[in-house]
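From a predicted model like this one, the values you see are computed outputs, not experimental measurements. Naming: A, B, ... by sequence-line order, numbering from 1 per chain.
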Amino acid sequence: MPFTLATWNINSVRLRAPLVCKLLSEEAPDVLCLQECKSPVDKIPTEDFAALGYTHMIARGQKGYNGVAILSKRPIEDVGDQDFAALGHARHVAGRLEDGTVIHNFYVPAGGDVPDREVNVKFGQKLDYLTQMRDWFHAERPARSILVGDLNIAPREDDVWSHKQLLKVVSHTPVEVEHLNDAMQAGGWADVTRADIPEGQLYSWWSYRARDWDAADKGRRLDHVWATQDIAGAAHSSRILRPARGWDKPSDHAPVFATFDL
DNA sequence: ATGGTGGGAAACCCA
């Protein structure tokens with residue numbers, strides 16, 4: 001059975017519940033992973049999603065910040081969360097579908113403005129988070145697993161509007177890219193989106209601060225879909241729903257999709 | 001070099 005999954009940094013699941021419903025109605029992924037829900041779990045409008053067939057949800061939340069959720073048409077078992085770098089933030093949750101496929105949903109720390117851990121604690125926390133991700137996946141050796149989320153790093157030159165101009169900008173610095181690639185390698189993860197779409201500029205985020213985000217098109221690919229090698233070959237039809245960035249009162253991120261024939 | 005726009009909380013944090 002083909003299985004379609006999407007990941008979307010929603011930037012407040014309560015404010016943008018209508019946009020989540022629009023996406024679920026129009027695109028009907030089997031599973032939707034959300035980040036930056038900015039809501040305690042018990043205040044997520046689950047009834048709105050259940051009415052569209054998404055009767056299963058696993059989530060982690062806190063008041064005002066962070067928060068991750070997995071909405072599913074199929075039963076999904078909560079298999080826990082990790083608190084890398086001991087931040088006490090709701091940045092990860094994992095679930096297992098009935099066919100055994102495990103889905104990890106991550107919201108990696110953004111890392112602040114200055115890419116130097118000596119002067120910016122948040123940048124150090126971001127690197128530590130990625131290092132602990134690496135160590136955990138090295139120990140776990142995940143199989144039949146999918147990892148999605150807002151990883152807050154655009155690793156490739158063609159994942160940003162200007163490689164040269166972003167080399168010292170948090171999200172595209174060489175040290176962050178190295179940490180991300182180490183975590184990826186440790187878990188045996190493959191970049192599904194780039195395996196599917198190997199050529200050309202690809203973005204999933206455009207700043208709110210641009211006068212005209214679409215015309216300026218100064219985007220970054222911060223949102224990712226990875227899979228372990230054993231199932232990466234089953235993935236196809238990856239896409240980024242750019243029009244969602246232009247919806248009314250949008251998130252600054254667009255949803256990223258992939259389909260797996262499992 | 002700077003400030004531009006958002007969300008949530010509570011009178012400032014975070015992205």
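- Considering only residues two or more places apart in sequence or on other chains, A:Arg16 meets the salt bridge (charged side-chain N to carboxylate O under 4.0 Å, His left out) condition with none of them.
- For the salt bridge (charged side-chain N to carboxylate O under 4.0 Å, His left out) test, no residue two or more places apart in sequence or in another chain qualifies with A:Lys43.
- The six-membered or imidazole ring of A:Phe137 lies near that of A:Trp189, with a centre-to-centre distance under 6.0 Å.
- Aromatic pair A:Tyr203/A:Trp161: centroids not less than 6.0 angstrom apart.
- Summary of the strand contacts: A:Ala210 and A:Lys63 both lie near DNA chain B, and taking for each the nucleotide with the nearest heavy atom, the more 5' one is attributed to A:Ala210.
- Applying the side-chain hydrogen bond (donor to acceptor under 3.5 Å, both in side chains) test to pairs two or more places apart or on separate chains, those with a residue in residues 76-92 of chain A are A:Arg60-A:Asp78, A:Arg60-A:Asp81, A:Asn66-A:Arg91, A:Glu77-A:Arg96, A:His89-A:Arg91, A:His92-A:His104.
- A:Ser162 pairs by the side-chain contact (heavy atoms from CB on, under 4.5 Å) definition with A:Lys164, A:Gln165, not counting sequence neighbours.
- With P as the reference atom, B:dA9 and B:dA15 are 15 Å apart, rounded to whole Å.
- Map A:Ser12 and A:Ala110 each onto its nearest nucleotide of DNA chain B; the residue landing nearer the 5' end is A:Ser12.
- When DNA chain B is scanned in the 5' to 3' direction for atoms under 4.0 Å from non-hydrogen atoms of chain A, the outermost contacting nucleotides are B:dG4 to B:dA15.
- Relative to the six-membered ring of A:Trp206, A:Lys218 misses at least one condition, a distance below 6.0 Å or an angle of at most 45° to the axis.
- A:Arg117 forms no cation-pi arrangement with A:Phe123, by the criterion of a distance under 6.0 Å to the ring centre and an angle within 45° of the ring axis.
- B:dA10 and B:dG6 are spaced 23 Å apart, taking the P atom of each and rounding to whole Å.
- Listed by residue number, the members of residues 242-255 of chain A with any heavy atom below 4.0 angstrom from DNA chain B form an empty set.
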